[in-house]
Structure formats: structure tokens, C-alpha cells
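The figures that follow rest on heavy atoms only: side chains count, while hydrogens, waters and symmetry mates do not.
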Amino acid sequence: SELEIGQQISKPISGNWLFQNVSFTYPGSDREILKQITFEIKSGESVALLGTTGSGKSSLAQLMARFYDPSSGDLLLDGVSLKDWDIKHVRKALAYVPQDVFLFSTTIAENISFGQDGMSTEQIMQAAKMADVYENIMEFPDQFETILGERGVTLSGGQKQRFSIATTLINQPKIIFLDEPTTGLDPQARRNLWDLIKEIRQNGTTVIITTHYMDEAEILCDRVAIVDSG
């Protein structure tokens, strides 16, 4: 279904989210994914959405990016219904790091700056440093011009995740949504990623993490919201 166009507000975003009695069913389906969800994520707060696969956690990200609208209830950003925001403006402030990271078979620099026109070398390097992947890059034969993928170097799971986070940090987002960020990582890579997420939090960024690890939720987040069968 077409998204309703509201007031097209594009004022500065602080990153406060309020789910008000939100229910959601994907178009063409009759299975209710989310059932009357009500909770708040305050600006600059870190919240873990804890639940098993299929519990509805990842669907919250799709609603926040407004790929879909709730079937009922409302989702507010900074006190304004998401339907009234200019969604392109919101998406610039909202970074989404998926569980399955996809990297292109191009240079490291092109991967980090993907979709961002006119990014300077300094901005790309700074994003790499913030994502704790700069030193890895400098060890590669061609550094930022190193080709990734089939024709170039192969990255570990932890390196892929940090590259993906570098790509999201280049735009200095106000809100980061990390979907099961440590799934498939070995214990050391997991701890490295935890340290990185803690650093991101210090910038006043609103951080939302989906996970099914209680220890991860408790270490990384101010609050834990448990999602169970929607």
C-alpha cells in the first residue's frame, strides 16, 4: 500500500521514539507480526530488543525507516507522527546495520562511502577509525584502494560488521539500529564489536540493538525490551 504523505517536516532530529499501541501485519499476509506494542526509546539512549528469531524485533526497524506503516496505532519521532516527517530526511538520520552484511567487489573506500556522493578521503578515513577498522585497512596491500570480495581480499565476519558500521557512521547518524550484530562472530570479534558499540553510544547517538543474547543486552544497553510472539 502507498505511504500516506503528511506535513513533510524536516526539522533537526534528536532521536526520541514512541510506539503507541502499534500492531503490524505485512501486506498480503494474515499473520500479525506485532501486537499492540507500546514503548519509548529516549534520545541518546541505548535499548536492546531481546527475543527469538521471528518474534518481530526486526520488523520494528522497517517501521522506523517507514518502509511500512503500522496496521494500527502510531509511531512518533520526537513527538511527531512518522507520517508527518519528510521520510528522506528521517532516513538520513537513521542508520541500519543488517544481520547479513553485504559488501561490493570494489575498493574499500567505495564500500565505506557507498551511496554518499562527494565524500572526502578524510571523511572515509575518519569513519574507518570510528569503526575500529582503520588499522586493518592500513595492513592491506593497497590500503583504501584494496579490492574486496571475489577479486580481492576476504574479510572475517567481525571485519565485515565493522566495515558495515563504518558505512553507517560516515553520515554521522542520530539513530543506529543494529540487527543481531554479533551473530556468527567468534568470542573475540564479539567483544571487539561490543567495545565499538559502547564508543558509538558516547556520541549521544540513539542506539537500538536486536539480539537474543541476554548478556549482550545487559552489557550494551540502558534498557532491555523483551519481544515475544509480537
Side-chain angles (χ1 to χ4, degrees), residues 1-99 168 173-181 183 197 200-201 204-230:
S1 60
E2 289 294 313
L3 296 175
E4 177 187 326
I5 294 180
Q7 297 176 51
Q8 297 293 287
I9 292 167
S10 58
K11 66 181 181 179
I13 290 169
S14 68
N16 191 101
W17 293 87
L18 180 61
F19 286 77
Q20 286 186 323
N21 227 17
V22 167
S23 295
F24 178 59
T25 302
Y26 282 101
S29 170
D30 55 5
R31 187 168 84 85
E32 197 172 42
I33 300 293
L34 298 171
K35 303 168 187 174
Q36 298 187 316
I37 295 266
T38 297
F39 75 105
E40 184 177 14
I41 301 169
K42 292 175 182 166
S43 176
E45 189 175 39
S46 175
V47 173
L49 303 174
L50 185 74
T52 57
T53 301
S55 60
K57 311 184 301 292
S58 300
S59 299
L60 294 168
Q62 302 208 31
L63 294 178
M64 291 165 81
R66 210 180 173 210
F67 295 131
Y68 303 96
D69 282 332
S71 308
S72 62
D74 203 6
L75 176 53
L76 282 73
L77 171 59
D78 293 347
V80 176
S81 175
L82 202 54
K83 293 173 184 175
D84 284 327
W85 282 93
D86 174 348
I87 197 57
K88 288 182 182 175
H89 176 69
V90 172
R91 287 173 185 164
K92 280 181 183 174
L94 173 68
Y96 176 66
V97 181
Q99 182 178 337
T168 68
K174 293 295 294 178
I175 307 134
I176 294 183
F177 196 113
L178 298 139
D179 195 4
E180 303 277 5
T183 298
I197 292 167
I200 292 168
R201 288 189 54 195
T205 307
T206 304
V207 177
I208 304 133
I209 299 167
T210 71
T211 182
H212 49 266
Y213 301 118
M214 179 57 93
D215 61 336
E216 188 160 277
E218 290 178 331
I219 287 168
L220 297 177
C221 297
D222 302 313
R223 286 192 299 124
V224 178
I226 295 174
V227 186
D228 181 32
S229 302

I'd like to check [X] versus [Y] (side-chain heavy atoms, cut-off strictly below 4.5 Å). Are they in contact?
X: Q7; Y: V80; answer: no
X: L34; Y: L63; answer: yes
X: F177; Y: T210; answer: yes
X: I219; Y: Y213; answer: no
X: P181; Y: I209; answer: yes

Item checked: Set of residues satisfying side chain to side chain donor-acceptor pair (under 3.5 Å) with respect to T25, sequence neighbours excluded -> none
If only atom types and distance count, is the side chain of [X] paired as donor or acceptor with the main-chain N or O of [Y] below 3.5 Å?
X: T205; Y: V207; answer: no
X: S23; Y: E32; answer: no
X: S43; Y: S14; answer: yes
X: T206; Y: G15; answer: yes

Shortest non-hydrogen contact between [X] and [Y], atoms and distance:
X: G73; Y: P70; result: O-CB, 4.2 Å
X: E180; Y: T211; result: OE1-CA, 3.5 Å
X: A93; Y: I13; result: CB-CD1, 3.9 Å
X: V22; Y: L75; result: CG2-N, 4.4 Å

Next item on the list: Determine whether more than 12 heavy atoms belonging to other residues, nucleotides or ligands lie under 6.0 Å from atom CG of D215.
Entry: yes
Item checked: Chi angles and distances behind the side chain to side chain contact (heavy atoms under 4.5 Å, CB included) call for T38, Q36 -> CA-CA 6 Å; T38 297; Q36 298 187 316; 5.9 Å; no
Reported [atom1]-to-[atom2] distance for the pair [X] and [Y], which is rounded to 0.5 angstrom:
X: I176; Y: I200; atom1: CD1; atom2: CD1; result: 4.5 Å
X: I41; Y: L49; atom1: CD1; atom2: CG; result: 6.0 Å
X: I87; Y: Q8; atom1: CD1; atom2: CD; result: 9.0 Å

Next item on the list: Apply the side chain to side chain donor-acceptor pair (under 3.5 Å) test between N16 and each candidate in K42, E45, E40; give the one that qualifies.
Entry: E40
Check: Can I175 and W17 be said to form a side chain to side chain contact (heavy atoms under 4.5 Å, CB included), step by step?
Finding: CA-CA 10 Å; I175 307 134; W17 293 87; 3.7 Å; yes
Margin query: Below 30° counts as parallel, above 60° as perpendicular, anything between as tilted: where do the rings of F39 and F19 land?
Written below: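 Ring orientation of F39 relative to F19: parallel.
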Margin query: Considering only residues two or more places apart or on different chains, which pairs with a residue in residues 85-96 satisfy side-chain hydrogen bond (donor to acceptor under 3.5 Å, both in side chains)?
Written below: Y96-D179
Check: Does the distance from a Lys or Arg side-chain N to an Asp or Glu carboxylate O, for R201 and D222, drop under 4.0 Å?
Finding: yes
Check: Among side-chain atoms of Y68 and S59, is any donor-acceptor pair under 3.5 angstrom?
Finding: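 Short answer, no.
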